[in-house]
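Protein chains get the first letters and strands the later ones, always in sequence-line order, with residue 1 at the start of each.
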Number of protein chains: 2
Amino acid sequence: MPPASARPRPTLVDVASAAGVSKSLVSLALRGDAGVSERTRERILVVAERVGYRPSLTARTLKQGRSMMLGAVISSLDNPYHTEIVASVEAAAEDSGLSVLLAHGSRDRGRLADRVQQLLDLGADGLVVVSSWVPEEVLVAAARRAPVVMVGRTAEPVSGIDSVNNDDEHGAALVVEHLVARGHRRIAHVTSSTRPAGIARRRGYEAAMRAAGLDDEVRVVAPDPVALGALLDDGTSAVFARNDVEAVDVLDHALDAGLRVPDELAVVGYDDTVLARRARPALTTVQQQRDVMGSRAVALLRERLDGRAEDVHEVLEPRLVVRSSS
Amino acid sequence: MPPASARPRPTLVDVASAAGVSKSLVSLALRGDAGVSERTRERILVVAERVGYRPSLTARTLKQGRSMMLGAVISSLDNPYHTEIVASVEAAAEDSGLSVLLAHGSRDRGRLADRVQQLLDLGADGLVVVSSWVPEEVLVAAARRAPVVMVGRTAEPVSGIDSVNNDDEHGAALVVEHLVARGHRRIAHVTSSTRPAGIARRRGYEAAMRAAGLDDEVRVVAPDPVALGALLDDGTSAVFARNDVEAVDVLDHALDAGLRVPDELAVVGYDDTVLARRARPALTTVQQQRDVMGSRAVALLRERLDGRAEDVHEVLEPRLVVRSSS
DNA sequence: TCGAACATCTGGAACGTTCCAGATCGATGC
DNA sequence: GCATCGATCTGGAACGTTCCAGATGTTCGA
């Protein structure tokens, strides 16, 4: 049953007996405790190295009741927006001496819920959720076990969950204002999303259109070929898509239809992912300060671990990034 | 120090005393052991549910010496090729009742080595490595603690590490043969890679060119603007890029330069990622059976856990996927 | 010279499981 | 009526750490 190669891994006791001291002393020495003489410490370090000792995080976590490890739950590995947030969370965690373990669960709510439980059962000290698909009640329950922060999604008022988000409504308004300033009036919004962020962006679009006196021009369409085809035929001069992925679709569609971008059609996205930079022409889009999101998320978790009880919801101001597609 | 909300989580003992039985019985009941009477089992399940009991994976792992958990190490979250492999590993692991924890470490060798150690220290039963940046000696050492399989990269002969890879040389040859059959002679290879897969693809390209009697046409250039510009000026009629990411760059460059693809320039990639499907025109590329890679990787780990001692290196045959860019 | 203070080290309990060896008890076979 | 058996349950050791309470030995001041 055990692998053929399985020499049982050395423990503190092995190091201790090899060095002729007690296991407690080995533990102290390896953790750099002050009350260990320099000579002994060095001898112990050498022996530990020689026998290939590595501490068991499992045992340590069990004893200490904390793991120095954060869990990150992510639903999509193929949306750069999510993965870039995770990367920024990792960077921030590392600065705090914490490490991050990722659990991935597609858009399957049940599976995502399992992954949340798994991270908690493993002893994660906190959870960063980068997914709008994890059911909120699962997170509320999770928050009773360890601090939870949602990134890119705002939690319900008194759920026990913190959140870091950008102001999607305002971001959408920035886009509309930009297009209006460029002289556009027929500005359509392309979205397929029923997720909170998508809804907020749509609301922001509609409000900004009304504010610009363009109530009659409000037009929301799905990103499917038929709807897009109709859109391009009816004199629409600018399209604001709910995210970069869908903006790129619109772009491709317009170029295939022989339209010149941005002269005949302006296209704007949201998220400022690598897709926007890579697109031809490069996409105008909305930037969400993802690096700040990561570090704020980690900061919020640490505050909770230090005892904060009230929920905190941070909202970051988005910035318009103008490129050549508008 | 402990969070204000911290009610210590219930343990087996709590459930046991609430149900008026021993902790051993609770353990047996929750794990579905046969020797527990139906009546008691049910009572225990109810009580466990009521007090919100969840087993500690940490304690279980410590006691059992195995975690039912695989670790996956990945260096880049933004290359769809890697993330799609991870997704296929996850699917395969789930079928075996194992879960997968991801550790991400960019292209920082030191950090990746740390992540490998962390997964092992946490008790991962096996490691899937989807990164060419983890130093091989780190993996060789890791393989003494738990089975390790590399995906998309072939291990050294007797390292104790298994691998699942595709035949990059053959894949590159397929591309060249396809282009030759289409009448191309000036076929250049675009690559920037010093990684094993990149090198093998280049070797395959060169060999296939020679086999087609095109020794004089062998041309390898870096994917930078200057080199690409020169390439497009000198009558090159087809470009084979080392992966889809770079193929898309070539595509953009060619289109920007006013070339028609595929009429004036054929472009072919490698990996068959979502990028290839999305590109305009859609990219001809090489498919690597990523789903098979994931399930073979998990299968190899399981065999090791069951005692296999010899290294196994699986090589899958790649398939050409012809789309409209060639 | 003696106790105190300090530096250094040790033993054992505890963390929450699993699992082995055995306890308990009613039913069964003879 | 007695040993045996099976079904059901229990106690305690063990996994590899950490950490507390204390042991040991050395040095110092008076």
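- Looking at heavy-atom distances under 4.0 Å, V13(B) makes no contact with the nucleic acid at all.
- Test R308(B), M150(B), E303(B) against D162(B) for side-chain contact (heavy atoms from CB on, under 4.5 Å) and you get one pass: R308(B).
- R41(B) comes within 4.0 angstrom of no nucleic acid atom, judged by non-hydrogen atoms across all strands.
- Between S37(B) and S27(A), the one whose closest nucleotide on DNA chain D sits nearer the 5' end is S37(B).
- Both tests pass for R195(A) against the ring of W133(A): distance under 6.0 Å to the centre and angle within 45° of the axis.
- For the side-chain contact (heavy atoms from CB on, under 4.5 Å) with V164(B), the qualifying choice from I85(B), V128(B), L300(B) is L300(B), the only one to do so.
- Residue R39(B) is out of contact with every strand shown, counting any heavy-atom pair closer than 4.0 Å.
- With sequence neighbours excluded, the residues forming a side chain to side chain donor-acceptor pair (under 3.5 Å) with S76(A) are D78(A), listed by chain and number.
- The shortest side-chain heavy-atom distance between R302(A) and L70(A) does not fall under the 4.5 Å cut-off.
- In this structure, the side chain of S106(A) does not engage the main chain of S75(A) through any donor-acceptor pair within 3.5 Å.
- Per the geometry, CG belonging to D33(A) stands 11 Å off C1' belonging to dC9(C), to the nearest Å.
- For L25(B) and L62(B), each mapped to the nucleotide of DNA chain D holding its nearest heavy atom, the one lying further toward the 5' end belongs to L25(B).
- In the 5' to 3' direction, nucleotides of DNA chain D lying under 4.0 Å from heavy atoms of chain A begin and end at dG16(D) to dC19(D).
- Across all strands shown, T40(B) has heavy atoms under 4.0 Å from sugar-phosphate atoms exclusively, and none from any base.
- Contacts of S56(B) with the nucleic acid, taken as non-hydrogen atoms under 4.0 Å apart, involve only primed sugar atoms and P, OP1 or OP2.
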